[in-house]
Amino acid sequence: MITRRRNAAGYTQEYVSRALGQHQSYIAKLETGQRRLDVVEYMQLAKVIGFDAALELHAIASKFE
């Protein structure tokens, strides 16, 4: 979902990582599943990329019902 949303916004991993004050490898690890997000990081990422965090979380949660 992160990769899809980032690409749809037209942002590179480098752009998003700089906006978050992180290294590019941080975004790469998130996108490949090598690193998990906590809630605060998720909210920051949603703000930078520009997606509705609650809506996406609901979509993810519905897969586990």
Side-chain angles (χ1 to χ4, degrees):
M1 180 275 295
I2 294 169
T3 306
R4 180 174 44 84
R5 287 294 187 177
R6 179 182 58 75
N7 287 333
Y11 297 142
T12 63
Q13 287 183 348
E14 184 68 27
Y15 172 83
V16 174
S17 64
R18 284 185 187 200
L20 294 171
Q22 298 285 344
H23 295 281
Q24 177 272 328
S25 61
Y26 169 82
I27 301 300
K29 287 178 181 178
L30 290 175
E31 292 184 357
T32 59
Q34 296 176 19
R35 187 182 189 296
R36 291 186 179 198
L37 284 171
D38 67 26
V39 173
V40 173
E41 292 170 324
Y42 175 73
M43 298 301 291
Q44 291 170 335
L45 189 62
K47 184 175 181 179
V48 168
I49 294 176
F51 64 88
D52 184 325
L55 187 63
E56 285 294 337
L57 190 56
H58 179 71
I60 292 167
S62 69
K63 295 178 182 179
F64 295 98
E65 293 177 352

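Below, each value reflects all heavy atoms present in this structure, side chains not excepted, and no hydrogens, waters or symmetry copies.
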Notebook entry, point to check: CE of M1: more than 12 outside heavy atoms within 6.0 angstrom?
Noted result: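 Enclosed.
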
Starting at [atom1] of [X], measure out to [atom2] of [Y] and round the result to the nearest 0.5 Å.
X: R36; Y: K29; atom1: CZ; atom2: NZ; answer: 15.5 Å
X: I49; Y: I2; atom1: CD1; atom2: CD1; answer: 6.5 Å
X: Y15; Y: L20; atom1: OH; atom2: CG; answer: 9.5 Å
X: L37; Y: L30; atom1: CG; atom2: CG; answer: 4.5 Å
X: S17; Y: Q24; atom1: OG; atom2: CD; answer: 6.0 Å

Item checked: Hydrophobic cluster identity match, V40 and V16, side-chain contacts under 4.5 Å ->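 The answer is no; the residues belong to distinct hydrophobic clusters.
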
Next item on the list: Supply the members, apart from L55, of the Ile/Leu/Val/Met/Phe/Trp/Tyr cluster built from side-chain contacts under 4.5 Å; use none for a lone residue.
Entry: none

Next item on the list: Examine the side chains of E31 and T3 and answer whether a donor and an acceptor come within less than 3.5 Å of each other.
Entry: yes

Sequence neighbours excluded and cut-off under 3.5 Å, please list the side-chain donor-acceptor pairs for residues 56-65, or say none.
from	atom 1	to	atom 2	distance (Å)
E56	OE2	R5	NE	2.8
E56	OE2	R5	NH2	2.4
S62	OG	A59	O	2.8

Next item on the list: Name all pairs fulfilling the salt bridge (Lys or Arg N to Asp or Glu O under 4.0 Å) condition that reach into residues 8-24, sequence neighbours left out, sorted by first residue then second.
Entry: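 Only E14-R18 qualify under salt bridge (Lys or Arg N to Asp or Glu O under 4.0 Å).
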
Check: Is R6 reaching over with its side chain to a backbone N or O of Y11, donor-acceptor style, under 3.5 angstrom?
Finding: yes

